[in-house]
Amino acid sequence: MATPTVTATLHKSRYVSGEPMLLTVVYGHPDGQPVTVTVVVTDAAGRSSAPVSVTTGFEPLTVTVTDDSGRVWSRLSDDGATAVHQAVA
């Protein structure tokens with residue numbers, strides 16, 4: 001069983017005190033469970049389209065951000081694969 005993967009990037013290499021810091025975290029899990037979603041559209045007369053399916057991976061993961069100075073990092077967004085967090089320098 002593989003472990004989750006993660007990369008993290010700050011939007012700048014240096015900050016001035018009081019400046020916003022943005023951290024982008026890209027993460028995933030190679031062993032995520034596959035999920036298939038199938039859609040069929042039916043009109044009022046009962047005629048149905050052919051089924052259309054899409055498959056994706058699903059593995060609920062939690063992103064936690066801390067640093068050694070005790071800053072509070074706030075999550076701005078997280079779509080399940082990329083999270084953006086913000087703190088103040």
Side-chain angles (χ1 to χ4, degrees):
M1 183 168 260
T3 59
T5 60
V6 64
T7 60
T9 308
L10 287 165
H11 78 291
K12 290 176 59 176
S13 61
R14 295 191 93 97
Y15 294 92
V16 176
S17 183
E19 186 176 13
M21 303 168 65
L22 290 178
L23 175 70
T24 301
V25 179
V26 178
Y27 63 97
H29 198 297
D31 290 337
Q33 299 297 315
V35 174
T36 300
V37 177
T38 302
V39 178
V40 175
V41 177
T42 305
D43 65 14
R47 296 177 296 242
S48 297
S49 69
V52 176
S53 297
V54 62
T55 302
T56 187
F58 175 73
E59 178 75 25
L61 300 171
T62 303
V63 176
T64 303
V65 178
T66 60
D67 69 30
D68 59 2
S69 69
R71 279 185 194 84
V72 175
W73 289 87
S74 301
R75 182 177 58 219
L76 299 179
S77 64
D78 188 344
D79 67 6
T82 302
V84 178
H85 289 74
Q86 181 177 26
V88 176

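One-based numbering along the sequence shown.
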task: Please lay out, stage by stage, how Thr64 and Thr62 fare under the test side chain to side chain contact (heavy atoms under 4.5 Å, CB included).
output: CA-CA 6 Å; Thr64 303; Thr62 303; 4.2 Å; yes

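- Minimum interatomic distance between Ser49 and Val40 (heavy atoms only, all atoms of both residues): O-CG1, 3.6 Å.
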Name every donor-acceptor pair, under 3.5 Å, that has one atom in a side chain of residues 70-77 and the other anywhere in the protein, sequence neighbours excluded.
{"residue": "Arg71", "atom": "NE", "partner": "Val88", "partner atom": "O", "Å": "3.1"}
{"residue": "Arg71", "atom": "NH1", "partner": "Asp67", "partner atom": "OD2", "Å": "3.0"}
{"residue": "Arg71", "atom": "NH1", "partner": "Ser69", "partner atom": "OG", "Å": "2.7"}
{"residue": "Trp73", "atom": "NE1", "partner": "Asp67", "partner atom": "OD2", "Å": "3.1"}

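- Linking Ile, Leu, Val, Met, Phe, Trp and Tyr whenever their side-chain heavy atoms come within less than 4.5 Å leaves Val26 and Val63 in two separate clusters.
- By the 4.5 Å heavy-atom criterion applied to side chains, Thr82 and Val25 are not counted as neighbours.
- Distance OG1/Thr9 to CG/Leu23: 7.5 Å, rounded to 0.5 Å.
- A search for salt bridge (charged side-chain N to carboxylate O under 4.0 Å, His left out) contacts involving Arg14 returns nothing, not counting sequence neighbours.
- Closest heavy-atom contact between Gln86 and Pro20: NE2-CB, 3.2 Å.
- Looking only at side-chain heavy atoms (C-beta outward), Tyr27 and Asp78 come within less than 4.5 Å of each other.
- Side-chain contact check for His85 versus Met21: every heavy-atom pair is 4.5 Å or farther apart.
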